[in-house]
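The structure under discussion appears below in the form of C-alpha cells.
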Amino acid sequence: MILYPMNELLTNVSSRYELVNLVAHRARQLSSDAEREKQPLEEKPVTIALNEAWAGELKPEPEDEEPEATSEEDAAADPEEDAEAPGEMPEAAE
C-alpha cells in the first residue's frame, strides 16, 4: 500500500474529514460501476480513489447554495412578519 503525504492530499479539500468522505464516496461509486458493468477492478476501489485524489482528479463538488432573498422578496413573502400587532410593546434588547 502506498502511503501518501497527508498535507499533499489536503491541497484540494478543506479538511481530513472531507477527504475521507470524498474518497469513500468515490470508492463506492467505482465499486458499483464495476459491479453493474460486470468488470473486475485491477486494484481495490479505495486505492483507485486515493490515486485520483493524489493526482488532483478528485475534488469536492460545489455545495448547492440557496440564493439569498432580496429585501423586496422578503417583504412580498410575508408582509405581516415584521409588523407589530397593535397595542403590543416591542421587546427590549438585553
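For CD of E35, the number of neighbouring non-hydrogen atoms (other residues, nucleotides, ligands) closer than 6.0 Å is 12 at most. Counting non-hydrogen atoms of neighbouring residues, nucleotides and ligands closer than 6.0 angstrom, the CD atom of E37 exceeds 12 such neighbours.
Nearest heavy atom pair, residue N51 against residue E43, reads ND2-OE1, 3.5 Å. Across every non-hydrogen atom of A53 and V23, the tightest pair is CB-CG2, 4.4 Å. When all heavy atoms are compared, the tightest approach of M6 to L19 is SD-CD2, 3.9 Å. Taking all atoms of both residues into account, the shortest heavy-atom contact from P45 to A27 is CB-O, 3.4 Å. What you find for L9 and Y4 is that their closest heavy atoms are CD1-CB, 3.5 Å. L22 approaches K59 most closely through the heavy-atom pair CD2-C, 3.8 Å.
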Requested in this report: With side chain to side chain contact (heavy atoms under 4.5 Å, CB included) as the test, would you mind laying out the steps for L58 and N12 before giving the verdict?
Outcome: CA-CA 8 Å; L58 191 59; N12 295 323; over 6 Å; no
Requested in this report: Would you check, one step at a time, whether the test side chain to side chain contact (heavy atoms under 4.5 Å, CB included) holds for N21 with Y17?
Outcome: CA-CA 6 Å; N21 282 325; Y17 177 78; 3.0 Å; yes
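Following chains of ILVMFWY side-chain contacts shorter than 4.5 Å, one can reach L10 starting from V46, so the two form part of one hydrophobic cluster.
Distance check, rounded to the nearest 0.5 Å: CD1 of I48 to CG of L41 gives 4.5 Å. Taking CH2 from W54 and OG1 from T11, the interatomic distance works out to 9.0 Å, rounded to the nearest 0.5 Å.
At distances below 3.5 Å, at least one donor-acceptor pair connects side-chain atoms of E18 with backbone N or O atoms of S14.
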